[in-house]
Amino acid sequence: MPYWLMKSEPEEFSILDLKELGAGRWDGVRNYQARNFLRQMIRGDLFFFYHSSCATPGIAGVGRIAGSAYPDPTALDPNSPYYDPKASEAKNRWSAVDVGFVEHFDAVITLPRLKQAPALAQMSLVQKGSRLSVMPVSESEWQAIQAMR
DNA sequence: GCCAACGTTGGC
DNA sequence: GCCAACGTTGGC
């Protein structure tokens with residue numbers, strides 16, 4: 001079963017929000033590479049929940065993919081910040097997935113720590129200038145990150 | 001708030 | 001198809 005990492009701004013949607021709700025929809029992804037990864041996800045896949053654009057960027061917990069990707073409804077909603085005027089019911093290029101809560105880490109595994117880990121050097125997350133918000137995590141990377149808790 | 005790095009748009 | 005201009009991401 002593949003592993004993933006997904007970024008969210010905690011002010012927008014945090015691991016605590018997911019914990020309280022128990023489930024949620026991962027939508028608003030507007031980047032083709034990230035979208036293509038969403039489409040590869042399978043129910044049961046686990047992902048690291050990363051907090052970005054905040055005081056302490058880093059991995060805050062774990063979630064689970066609840067089902068495979070489907071057209072992102074926010075692209076069709078004129079009131080959504082993720083509205084895509086080019087999208088229609090018949091032609092919606094964006095995808096969303098449903099997710100569930102698994103775990104909230106006691107402490108965030110901070111970005112500086114992730115950058116220091118030699119086992120994670122290949123990850124897009126730690127590459128300079130990378131903005132990819134959805135990315136695969138290899139088995140060995142997953143284990144290395146779990147060991148940093 | 002700043003700004004480097006990146007992806008997308010649109011004129012040509 | 002090129003590429004300059006623009007808007008966005010995201011760390012700091």
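Computation of the quantities below employed the complete heavy-atom set of this structure, encompassing side-chain atoms and omitting hydrogens, waters and symmetry-equivalent molecules.
Put simply, CZ on A:R64 and CZ on A:F49 are 15.0 Å apart, with the number rounded to the nearest 0.5 Å. Here the straight-line distance linking atom CE of A:M148 with atom CD of A:Q143 works out to 13.5 Å at 0.5 Å rounding. Summarising the geometry, atom CD belonging to A:E141 is positioned 10.0 Å from atom CE belonging to A:M135; distances are rounded to the nearest 0.5 Å.
Between A:M6 and A:L38, the closest side-chain pair of non-hydrogen atoms falls below 4.5 Å. In this structure, the side chains of A:V134 and A:M41 come closer than 4.5 Å at one or more pairs of heavy atoms. A 4.5 Å side-chain heavy-atom check between A:Q146 and A:I109 finds every atom pair outside the cut-off.
A:Q33 has its CD atom 9 Å from the P atom of B:dT8, to the nearest Å. Distance A:E9 CD to C:dT8 P: 12 Å, rounded to the nearest Å. We find that CD1 of A:I59 is positioned 14 Å from P of C:dG10, with the value rounded to whole Å. Atom-to-atom, CG of A:D84 to P of B:dT9 comes out at 8 Å; the value is rounded to the nearest Å. Between the C1' atom of C:dG10 and the NE2 atom of A:H51 lies a distance of 15 Å, rounded to the nearest Å. Atom CD in A:E11 sits roughly 14 Å away from atom P in C:dG10 (whole-Å rounding). In this entry the distance linking NZ of A:K86 with P of B:dT9 reads 4 Å, nearest Å. A straight line from CG of A:N31 to P of C:dT8 spans 14 Å, rounded to a whole angstrom.
Of the residues listed (A:F47, A:Y70, A:F37, A:W4), the one engaging A:W26 in a ring-ring contact (aromatic ring centres under 6.0 Å, His included) is A:F47, and it is the only one.
Note on A:K7: a side-chain N or O is less than 4.0 Å away from OP1 or OP2 of C:dG10. In this structure, A:Y82 does not reach the C:dT8 phosphate: none of its side-chain N or O atoms is under 4.0 Å from OP1 or OP2.
Side-chain polar atoms of A:T74 and A:R30 form a donor-acceptor pair below 3.5 angstrom. Under 3.5 Å, the side chains of A:S95 and A:R35 contain no donor-acceptor pair of N or O atoms.
Shown for residues 120-135 of chain A: residues whose heavy atoms fall under 4.0 angstrom of DNA chain B, namely A:K128, A:G129, A:R131. For DNA chain C, the residues of residues 105-118 of chain A within the heavy-atom distance limit of 4.0 Å (strictly under) are A:L111, A:K115, sorted by number.
If you check every strand for non-hydrogen atoms under 4.0 Å, A:S52 touches sugar and phosphate atoms only.
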